[in-house]
Amino acid sequence: MGIRDRAYHACNAPMNSAGGLCDVAWVHVDLGNPGGRWDWLRQFAKDLTCRSHVSGRFYWSDPDYLQVGQGTMDETRVRMAMMALSGGPAFICDRLPELPEERLALIPKCLPSYGPTARPLDLWDRDEYPRVWHLPVETAWGNWHVLGLFNLDEQPGRIDLDLDRLGLQRDKTYVVYDFFADKLLGEAVCGDEMEVVLRFPVPRTSVRVIRITEKLDHPFVCSTDMHITQGGVELPQVNWDAATMTLRGAAKRARGMEGNVVVY
């Protein structure tokens with residue numbers, strides 16, 4: 001085994017002192033087992049996101065383990081989004097032979113890790129945990145924005161997203177897609193004459209994962225159901241051939257697994 005095949009993980013080490021001495025570091029309280037401890041998840045989210053600026057610079061921040069076999073589906077999706085958007089290493093913490101098929105199918109939506117870490121857009125706007133996590137996704141064939149909209153409170157809420165904070169180009173039209181709902185939400189235009197704020201209803205103790213993609217003048221991928229980045233790791237090739245008016249691509253999946261690509 002070569003040096004590139006392993007990583008040194010600092011668990012419960014002094015975080016600043018560990019910078020440069022390890023590959024991966026623990027940066028938060030324990031995630032804990034699923035069980036509706038939303039006060040604990042709120043603290044976890046705050047700990048993880050307030051140190052997003054060091055991930056990939058000092059070390060790779062460990063988002064703790066992924067557990068999909070217990071708890072409600074809402075809590076499972078929250079945990080999936082936290083892990084996948086953090087870009088950290090993936091630890092699986094279920095007894096895989098005992099998982100129902102529908103729960104087992106959730107794990108590949110987080111694997112492999114994308115790498116870059118989502119940035120909390122409202123970290124300084126709130127005393128509580130950040131609710132808007134922004135992950136710019138870049139590939140050889142395109143780029144887009146993935147957002148985690150977290151409502152970890154125990155009552156329904158609405159989360160406002162100011163498109164200016166994403167650095168979108170003015171006078172461009174963008175397509176908005178909801179990953180977990182598998183639903184096109186519509187188009188949004190960034191204009192010079194007005195601010196554009198999208199307001200998303202988010203049920204209690206849940207998350208919405210949104211992809212925002214610039215609208216092109218030909219068919220293009222606006223989502224997949226295969227990974228939370230919606231193309232960031234599972235679609236290595238996508239190409240539009242204007243001469244033949246053909247959209248081509250390739251998808252990477254585990255043997256025997258299927259998935260869907262959404263084209264707009």
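- The two atoms that bring V263 and P219 nearest to each other are CG1-CB, 3.9 Å, heavy atoms only.
- Taking the side chain as every heavy atom from C-beta outward, R211 and T213 approach each other to under 4.5 Å.
- Checking side-chain atoms of K215 against main-chain N and O of V189 turns up no donor-acceptor pair under 3.5 Å.
- Looking only at side-chain heavy atoms (C-beta outward), L185 and L198 stay at 4.5 Å or farther from each other.
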Side chains of residues 142-149: which donor-acceptor partners sit under 3.5 Å, not counting sequence neighbours?
residue	atom	partner	partner atom	Å
W144	NE1	T229	O	3.0
H145	ND1	H134	NE2	2.8

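- The cluster map of Ile, Leu, Val, Met, Phe, Trp and Tyr, joined by side-chain heavy atoms under 4.5 Å apart, puts L106 and V233 in the same cluster.
- M73 and L99 fall within a single hydrophobic cluster, where Ile, Leu, Val, Met, Phe, Trp and Tyr side chains are chained together by heavy-atom contacts under 4.5 Å.
- Screening residues 92-133 for ring-ring contact (aromatic ring centres under 6.0 Å, His included) gives W133-F150 as the qualifying pairs, with residues at least two apart or on separate chains.
- With contacts defined as side-chain heavy-atom distances shorter than 4.5 Å, the pair N151/P203 does not qualify.
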Notebook entry, point to check: side chain to side chain contact (heavy atoms under 4.5 Å, CB included) between M82 and D64: does it pass, once the steps are laid out?
Noted result: CA-CA 9 Å; M82 285 179 172; D64 216 337; over 6 Å; no
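- Looking at every heavy atom in both residues, T49 comes nearest to P120 through O-CG, 3.6 Å.
- Partners of D47 according to the side chain to side chain contact (heavy atoms under 4.5 Å, CB included) rule, which considers only residues two or more places apart in sequence or in another chain, are H28, V29, Q43, R51.
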Note to self: Using side chain to side chain contact (heavy atoms under 4.5 Å, CB included), reason through L184 and D178 one step at a time and then give a plain yes or no.
What the structure shows: CA-CA 6 Å; L184 177 68; D178 188 315; over 6 Å; no
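- Expressed to the nearest 0.5 Å, how far CZ of R119 lies from OG of S52 amounts to 8.0 Å.
- For residues 196-242, the ring-ring contact (aromatic ring centres under 6.0 Å, His included) pairs, not counting sequence neighbours, are H218-W240, F220-Y264.
- Residues satisfying the salt bridge (Lys or Arg N to Asp or Glu O under 4.0 Å) test with R79, not counting sequence neighbours, are E75.
- For D39, the side chain to side chain contact (heavy atoms under 4.5 Å, CB included) partners two or more places apart in sequence, or in a different chain, are R37, R42.
- L216 and L166 sit in two unconnected hydrophobic clusters of ILVMFWY residues. Membership requires side-chain heavy atoms under 4.5 Å apart, directly or through other members.
- Cluster annotation: V207 is not connected to L123 through the hydrophobic network of ILVMFWY side chains, with a link wherever side-chain heavy atoms come within less than 4.5 Å.
- The salt bridge (Lys or Arg N to Asp or Glu O under 4.0 Å) search around K172 returns E214, not counting sequence neighbours.
- A heavy-atom distance below 4.5 Å is found between the side chains of V176 and I210.
- Heavy-atom minimum distance, S61 versus S55: N-OG, 3.1 Å.
- By the rule that hydrophobic residues join a cluster once side-chain heavy atoms approach within less than 4.5 Å of another member, V137 and L111 end up as members of one cluster.
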Note to self: Evaluate D162 against L121 for side chain to side chain contact (heavy atoms under 4.5 Å, CB included), listing each step before the verdict.
What the structure shows: CA-CA 10 Å; D162 184 347; L121 294 186; over 6 Å; no
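- Residue-environment remark: CE (M245) stays at or below the threshold of 12 foreign heavy atoms within 6.0 Å.
- With a 4.5 Å cut-off on side-chain heavy atoms, D182 and V262 count as touching.
- By the 4.5 Å heavy-atom criterion applied to side chains, V78 and W38 are counted as neighbours.
- In this structure, Y65 shares a hydrophobic cluster with F91, the cluster being traced through Ile, Leu, Val, Met, Phe, Trp and Tyr side chains under 4.5 angstrom apart.
- Checked against side chain to side chain contact (heavy atoms under 4.5 Å, CB included), E258 has no partners two or more places apart in sequence or in another chain.
- Pairs passing the side-chain hydrogen bond (donor to acceptor under 3.5 Å, both in side chains) check and including a residue from residues 96-106, sequence neighbours excluded, read T76-R103.
- Across every non-hydrogen atom of P201 and R158, the tightest pair is CG-NH1, 3.4 Å.
- Between the side chain of S86 and the backbone N or O of M83, at least one donor-acceptor pair lies under 3.5 Å.
- Heavy-atom minimum distance, E154 versus T205: CG-CG2, 3.8 Å.
- In terms of modelled atom types and a separation under 3.5 Å, the side chain of R131 and the main chain of I159 share no donor-acceptor contact.
- In this structure, the side chain of W141 does not engage the main chain of G249 through any donor-acceptor pair within 3.5 Å.
- With rounding to the nearest 0.5 Å, the separation of CD in Q169 from CG in L163 is 13.0 Å.
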Next item on the list: For side chain to side chain contact (heavy atoms under 4.5 Å, CB included), just list the numbers for V68 and K109, CA-CA rounded to whole Å, side-chain angles, deciding distance to a tenth of an Å, and then say yes or no.
Entry: CA-CA 11 Å; V68 302; K109 297 180 187 295; over 6 Å; no
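- Two residues are said to be in side-chain contact when any heavy atoms from C-beta on lie closer than 4.5 Å; W60 and S113 meet this criterion.
- Annotation: salt bridge (Lys or Arg N to Asp or Glu O under 4.0 Å) contacts of R248 (sequence neighbours excluded): D241.
- Counting only heavy atoms from C-beta outward, the side chains of E234 and P108 never approach each other to under 4.5 Å.
- In this structure R57 satisfies the side chain to side chain contact (heavy atoms under 4.5 Å, CB included) test with no other residue, sequence neighbours excluded.
- Atoms OG1 and CZ, on T224 and F179 in that order, are 6.0 Å from each other to the nearest 0.5 Å.
- For the residue pair D23 and Y8, the shortest heavy atom distance occurs at OD2-N, 2.7 Å.
- Distance check, rounded to the nearest 0.5 Å: CD of Q67 to CD1 of I107 gives 10.0 Å.
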